[in-house]
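Notes follow the structure.
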Amino acid sequence: FATFPGEPKWWKTHLTYRIVNYTLDLPRKVVDSAIEKALRVWEAVTPLTFSRLDEGEADIMILFAVGGHGDFFPFDGPGNTLAHAYPPGRGFKGDAHFDDDEQWTEDKSGINIFLVAAHELGHSLGLSHSRDAEALMFPVYNPSTDLAHFRLSQDDVAGIQSLYGPPTVSPEEPTLPTERPPAGPETPAMCDPELSFDAISTLRGEKLFFKDRHFWRISYQIPEPEFHLISSFWPSLPSGVDAAYEVTSKDTVFIFKGNQFWAIRGNEAQAGYPKDIHTLGFPSTVRKIDAAISDAEKKKTYFFVEDKYWRFDEQKQSMEPGFPRQTADDFPGVDPKVDAVLEAFGFLYFFSGPSQLEFDPNAKQVTRALKSNSWFNC
Amino acid sequence: YPLDRAAKEEDASMDLAQQYLENYYNLAKDVKQFARRRDSGPVVKKIQEMQKFLGLEVTGKLDSNTLEVMAKPRCGVPDVGQ
C-alpha cells in the first residue's frame, strides 16, 4: 500500500459526505446505497464514521462530471480514467469525482459504481495506489472482482490502519489491554502550556513550527494545525533543528542545525546542501545558530546567537560590518535566549521556552507576552 | 506519402503510451520530442516504472501486455509523483 506524500489524513474520526449530483445511468437510491456500502467497507476496519449531508460543504464531496469539471484533471470520455479523488484536507481535498462518460452499473455489465466508489474513497481517506493486484487500491479496474463477497485485501486494511488504527472497540465489547501511545518527546502535545519550539519559519504563506522530529503547519486555509514528521516531507533534514527562515524572494527556506544548514523549496530539498554556516561569514567561534528571521523588505536576515545577533545582507550575500550586536540593545525587553523568531502582522515574535514576546520594531518595544503555542488556537 | 497502416497503429499506441505515462507516471510533458521514439531514455525509464508498479515483466518496451494494460479502465490518480 502507499499513502500520499506527507501522509495527509483526516484529523477527526467523524466525517461528512455529500452526493452533490447523480449519474443518469442509475436510480438515485442505487447510487446512494453504493456510496454508503463503499463507506461501510472502510468504516468496518477503522475508527472512522460517516454521516451524510444533503447541502453545504461536506468533508467528502462526491460528484459526477464529464470532461473538464473545474479541477486541473479533465475526464477523458468513455474508458481509460474512470474517476479520481483527492487526499484528505479542506476544500476540494477529500472529494471524489466520477467520469459520467462511463456506463455506471449496479452489476458488472458496465463499470460497477460500488467498486470504484470504494477505491476512490480510499483516496479520500489518504491511501494512494497499491502495487498489490489483489488490493482494492490497485489502480487498474478489475471487472472480475467478486462483488457478492467483496472484502478488502490485507494490504488495504494494513494501509488504512497505518493512518487511523483499528476500529475502536465499542464499550459493551471486551476491551483488550491497549498499548498506551508513547508519551514523552515522541509526540509533543500541541496545547501543552509548557510547549516550546526548536525553530519557526514561514513557507509560501504557511507557518511551520519545528519540534524534535515533527513540525506543525498552519495556514489561513487550514486553521487547525497539521502535525507531520519532518522526514515525511524532507527525508534529508535532521530532527531537532536549531533555526529556520524563509527568503521569500528565493522561495527558499533555510534550516540550521549545528554548524550546517540546508535549503528547501516546497517539498524539494535543494542539491548542494548541507553547507557549513561559516560560509555565511560567521567566525569560527560561532558553533550554532539559535534563531533566524529574514526581512523581505529590507532584504536583511537576522541571526540570533546566544545573547547577540548578526545581520546578513541578502543582496550582497555577506554578513554586515558592525556585528554582532547585543540583542538587548536593539530589541529591548526581549529575552536574550531566543529559540525562534517569527514575523507577522508587522510585529516580531520572539520565542523563548513556553513564552513568546510580541515586539513592535517601530516603537522598539515589547507589546505583548503570550504562550508560545498561542498560534494553535488551543 | 500516407503513413502505412503499421506506422499509423504504431503512432496510436505511442499516443496512448505517452498519455498514460504523463497522466500516471509523471512523464514530463516536454519530453514529447523524444517520446516519438520508443527507445528514448525518459520514456523507457517510465515504461519500466509502470511495468514494475503494475506487476508486468519489466522490458522497457511497449509490448502487447503493456499496451493491453494501458488500455484498461483505471483510476485517474497518478501511481507516482502525486
Side-chain angles (χ1 to χ4, degrees), chain A residues 2-8 65 69 71-87 93 95-99 101-104 108 110-112 115-124 126-144 267, chain B residues 8-32 35-36 38 41-82:
Chain A
T3 56
F4 288 97
E7 210 170 86
H69 52 280
D71 63 15
F72 291 100
F73 302 98
F75 284 132
D76 52 8
N80 296 107
T81 299
L82 301 174
H84 57 223
Y86 293 89
K93 293 186 178 178
D95 295 357
H97 301 166
F98 294 78
D99 185 350
D101 272 332
E102 310 306 334
Q103 182 60 42
W104 294 103
K108 292 198 273 188
I111 302 295
N112 179 265
L115 200 49
V116 174
H119 175 103
E120 296 308 329
L121 290 166
H123 290 316
S124 303
L127 285 184
S128 186
H129 281 146
S130 168
R131 295 162 186 255
D132 177 344
E134 300 307 311
L136 172 65
M137 295 314 290
F138 191 68
V140 181
Y141 177 74
N142 179 1
S144 60
N267 279 16
Chain B
K8 267 192 200 145
E9 269 164 20
E10 173 157 325
D11 254 12
S13 60
M14 270 313 293
D15 285 343
L16 170 73
Q18 166 92 23
Q19 192 69 45
Y20 197 95
L21 297 173
E22 281 176 9
N23 286 349
Y24 307 121
Y25 285 84
N26 218 23
L27 175 66
K29 289 197 183 336
D30 60 8
V31 181
K32 198 170 283 296
R36 301 317 298 171
R38 347 172 127 227
V43 175
V44 168
K45 197 160 162 281
K46 288 299 181 183
I47 292 173
Q48 288 169 335
E49 197 174 351
M50 172 251 179
Q51 289 168 332
K52 188 159 179 266
F53 193 100
L54 297 178
L56 298 166
E57 187 193 356
V58 179
T59 62
K61 296 184 177 0
L62 285 178
D63 50 59
S64 57
N65 273 352
T66 301
L67 286 170
E68 185 190 333
V69 170
M70 284 181 166
K72 284 186 174 177
R74 57 159 288 157
C75 172
V77 173
D79 294 339
V80 293
Q82 312 288 334

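Reminder, nothing fancy here: chain letters follow the sequence lines and each chain counts from 1.
- Residue A/A133 does not touch chain B at all, counting heavy-atom pairs closer than 4.5 Å.
- Counting heavy atoms of neighbouring residues, nucleotides and ligands inside a 6.0 Å radius, atom NZ of B/K52 does not exceed 12 of them.
- Put simply, the side chain of B/R74 does not reach to within 4.5 Å of the side chain of A/Y141, judged on heavy atoms.
- In this structure, the portion of A/E120 lying under 4.5 Å from any heavy atom of chain B is its side chain and not its backbone.
- Distance alone, capped at 3.5 Å, is enough to place a donor-acceptor pair between the A/H129 side chain and the B/V77 backbone.
- Per-residue heavy-atom pair counts under 4.5 Å with chain B were compared for A/G79, A/A83, A/P78, and the maximum is reached by A/A83.
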B/D79/A/F138 under side chain to side chain contact (heavy atoms under 4.5 Å, CB included): CA gap, chis, key distance, verdict: CA-CA 9 Å; B/D79 294 339; A/F138 191 68; over 6 Å; no
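- In plain terms, the two heavy atoms of B/M70 and A/N80 that are nearest each other are O-ND2, 3.8 Å.
- Of the atoms belonging to A/Y86, not a single heavy atom falls under 4.5 Å from chain B.
- Listed here is the closest heavy atom pair of B/P73 and A/V140: O-CG1, 3.8 Å.
- Distance SG/B/C75 to CG/A/D99: 11.5 Å, rounded to 0.5 Å.
- The heavy-atom pair separating B/L54 from A/P139 by the smallest distance is CD2-CG, 3.5 Å.
- Of all non-hydrogen atoms in A/S128 and B/P78, the two that sit nearest each other are OG-O, 4.5 Å.
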